[in-house]
Every structure is written in C-alpha cells, then in structure tokens.
Amino acid sequence: MVTGAGVSAASGVPTFRSADGLWSNFRVEELATAEAFSRNPRLVWEWYEWRRNRIAACEPNRAHEVLAAWSRHYPKFTLVTQNVDGLHERAGTRNVVRFHASIWELSCWRSCGASPGRWRDDTTPLPAIPPPCPHCGGLARPGVVWFGEAIDPAVLEESLAALDCDVCLVVGTSAVVYPAAGLADEARRRGAYTIEINPEATDATPRFDLAIAGRAEEVLDEIERALGG
Ligand code: OAD
C-alpha cells in the first residue's frame with residue numbers, strides 16, 4: 001500500500017496541490033525546502049503551525065479505518081505513507097512506514113548532535129514560533145523530509161521490501177514527488193498487480209494495471225464490504 005494526501009482529504013486535511021492546499025498563495029515547493037527555511041524560518045514555521053493545528057482538529061476517516069483493519073487482518077500488510085499527519089497511526093494501523101517522516105517531530109536545524117536527533121512534540125499551538133532546540137537553544141526545524149533532502153536509508157529499505165508483494169494499492173497521491181512516485185513502478189517491476197485509487201487521473205494512471213476513479217473513503221469502504229468486513 002502506498003498512500004498520499006488524498007487519503008486524509010475527507011478528514012479535512014488540505015491536500016498539497018489543490019486550491020485549498022495553498023497557504024497565503026505559496027506553493028508547497030516554495031516552503032518545504034531548506035533554502036526557504038534558512039531565508040525565513042518564521043514563515044516556514046507559520047505554515048507548519050497552521051497545518052499542525054488543522055490536523056490536530058481532524059479525525060481519521062473511513063479510508064484510514066479500512067486500512068487499519070487490513071493491517072490487523074493481513075500479516076504481510078505494509079503501508080508506506082507520504083503523509084506526515086499521523087492519521088494512519090491514530091486509526092490504529094500496524095506496519096506504517098513514514099516515507100516523509102512526521103509533522104509531530106522536530107529536529108535541530110544546526111544538527112547540534114544532541115541525542116535523540118529528532119524528538120516528538122505534538123503541542124498545539126506551539127508556545128514559540130519558531131521553536132527552539134531544547135538541547136542547544138538554536139532553531140528547531142520540522143522533522144519532515146523536504147524537497148532536495150534524502151529519504152532516510154532505513155525507511156527506503158523498508159519501503160522497497162514492502163514492494164515484493166502480490167498487490168500494490170496506491171491511494172490518493174498525485175504521483176509527482178519522487179522518489180515516492182516511483183514506488184508503484186518498482187512494485188510492478190517486481191511482479192505486483194498495481195491498482196490506483198484517485199478521483200482524478202494522474203500522469204501515472206496509464207501505467208497501473210487497474211485505475212479506480214473514486215474517493216479513497218468510498219472505494220476502500222466498498223472493497224471492504226465486498227470482502228465481507
Ligand atoms: P497531492 O496534494 O500532490 O495530491 C493529492 C492527490 O489526492 C490528488 O491526486 C487528488 O486527486 C487526490 N485526492 C483528493 N481527494 C481524494 C480522495 N478523497 N480520495 C483519494 N484521492 C483524493 O499530495 P501527495 O501526492 O501526497 O511532501 O503529495 C506528495 C508530497 O508532496 C507530500 O508527501 C508532500 C508534498 O510536498 C512532503 O511533505 C515532503
């Protein structure tokens with residue numbers, strides 16, 4: 001399973017590439033980079049703070065619930081998510097691989113070397129923007145993966161291992177951000193039957209074995225009911 005922002009849309013979390021995903025008219029590519037942060041940490045933190053507060057007010061939806069049920073039912077189920085919102089975990093999903101890490105974790109901008117390198121902080125609202133690193137007192141940054149940054153090698157390895165499967169479902173992603181967008185192609189190369197679930201066609205749609213045009217919360221519910229769940 002590979003999921004993207006569309007899975008959380010019905011929970012009220014804005015997707016990145018839709019009109020309501022825009023924040024103060026900035027595109028995600030202008031905010032989620034180390035360059036943007038070094039230029040204006042406050043601006044970037046204000047965007048993350050807006051998203052953190054928004055997500056904190058959201059609940060998992062039917063799509064998260066069905067995937068959580070499958071993770072309990074199918075021993076080899078692995079869910080690789082691009083989402084940083086934590087809603088899969090809140091729904092009780094097992095075997096979640098967080099490809100882009102978590103919006104609920106912070107790290108030191110200067111990598112001051114304190115351990116742990118990343119720490120959880122789900123305080124909403126944060127008492128100070130930008131928040132300080134509790135170890136060195138310098139700037140803390142969101143612990144998520146930004147454009148131009150490498151995926152944690154252990155996370156990449158776990159994700160690739162999950163692609164050795166019979167069926168790979170790819171739900172709610174525009175398939176434009178690599179390397180995540182290449183996961184379905186890799187699964188297909190390894191012999192998996194690949195299925196896309198998305199109300200809109202994406203550039204990747206023609207490459208799937210099956211493309212189901214529909215919303216995650218409706219299509220997954222229908223599949224679950226067909227399976228007798
Ligand atoms: P996008 O915002 O690019 O795409 C969301 C996709 O979800 C679109 O293709 C929509 O058609 C689809 N969608 C909308 N509502 C849906 C629903 N109810 N059910 C199913 N699909 C629906 O989000 P991602 O592809 O996840 O990176 O974006 C990839 C990465 O870009 C994110 O992980 C983020 C961003 O920069 C980081 O945070 C590093």
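Counting starts at 1 for both ligands and their atoms, following the listed order. Because the structure is predicted, anything quoted here is derived from the model rather than measured.
- Figure legend: cation-pi geometry between R188 and F208, with NZ or CZ positioned under 6.0 Å from the six-membered ring centre and within 45° of its axis.
- Under 4.0 angstrom from ligand 1, the non-hydrogen atoms of Q82 come from both its backbone and its side chain.
- With ligand atoms numbered from 1 in the order given, ligand 1 contributes 11 (O) to contacts under 4.0 Å with heavy atoms of E200.
- By the 3.5 Å distance cut-off applied to N or O atoms, T173 is counted among the residues near ligand 1.
- Both tests pass for R51 against the ring of W47: distance under 6.0 Å to the centre and angle within 45° of the axis.
- Those atoms of ligand 1 that come under 4.0 Å of a heavy atom in F16, given as number and element, are 2 (O), 23 (O), 28 (O), 32 (C), 34 (C), 35 (C).
- When hydrogens are left out, the protein atom nearest atom 39 (C) of ligand 1 is V145 O, 2.8 Å; that is the closest non-hydrogen contact.
- Q82 and T173 are linked by a side-chain donor-acceptor pair at a separation below 3.5 angstrom, with hydrogens and angles left out of the test.
- The hydrophobic cluster containing F99 does not contain V13, counting ILVMFWY residues as joined when their side-chain heavy atoms lie under 4.5 angstrom apart, directly or transitively.
- Of the options P14, G6, S174, the smallest heavy-atom separation from atom 1 (P) of ligand 1 is shown by S174.
- One side chain, T15 or S18, offers a donor N or O that lies under 3.5 Å from an acceptor on the other.
- The atoms of ligand 1 that sit less than 4.0 Å from any heavy atom of G4 are 26 (O).
- Under the 4.5 Å side-chain contact rule for hydrophobic residues, V176 and W146 share a cluster.
- Numbered from 1 in the order shown, with element, the atoms of ligand 1 that lie under 4.0 Å from a heavy atom of F147 read 36 (O).
- Checking each of T124, D121, T123 against W104 for a side-chain contact (heavy atoms from CB on, under 4.5 Å) leaves exactly one that passes, namely T124.
- The environment of CD in E149 is crowded: more than 12 heavy-atom neighbours from other residues, nucleotides or ligands sit within 6.0 Å.
- Of all atoms in ligand 1, listed by their number and element, those nearer than 4.0 Å to a heavy atom of A216 are 17 (C), 19 (N), 20 (C).
- Note: H135 and W119 meet the aromatic proximity criterion, with ring centroids under 6.0 Å apart.
- The single protein non-hydrogen atom nearest to atom 31 (O) of ligand 1 is R17 NH1, 3.1 Å, given as residue, atom name and distance.
- Looking at atom 27 (O) of ligand 1, its nearest protein heavy atom turns out to be H100 ND1, 3.5 Å.
- Atom CG of L139 sits about 8.0 Å away from atom SG of C108, to the nearest 0.5 Å.
- Residue contact check: G172 has heavy atoms under 4.0 Å from atoms 5 (C), 6 (C), 7 (O), 20 (C), 21 (N) of ligand 1.
- Residue contact check for ligand 1: N198 places a non-hydrogen atom closer than 4.0 Å to it.
- Per-residue contacts place V28 under 4.0 angstrom from the following atoms of ligand 1 (heavy atoms of the residue considered): 36 (O).
- Closest protein heavy atom to atom 26 (O) of ligand 1: A5 N, 2.8 Å.
- Under the 6.0 Å cut-off for aromatic ring centres, W109 and F37 qualify, their centroids lying closer than that.
- Considering both main-chain and side-chain atoms, V84 never comes within under 3.5 Å of ligand 1 through any nitrogen or oxygen pair.
- Taking the ring centre of W23 as origin, the terminal cationic atom of R54 falls outside the region bounded by 6.0 Å and 45° from the ring axis.
- Atoms of ligand 1 found under 4.0 Å from any heavy atom of A9 (numbered from 1 in listed order, with element): 15 (N).
- No heavy atom of A10 sits closer than 4.0 Å to any atom of ligand 1.
- Nearest protein heavy-atom contact of atom 18 (N) of ligand 1 is E217 OE1, 3.1 Å.
- V177 CG2, 3.7 Å is the protein heavy atom nearest to atom 30 (C) of ligand 1.
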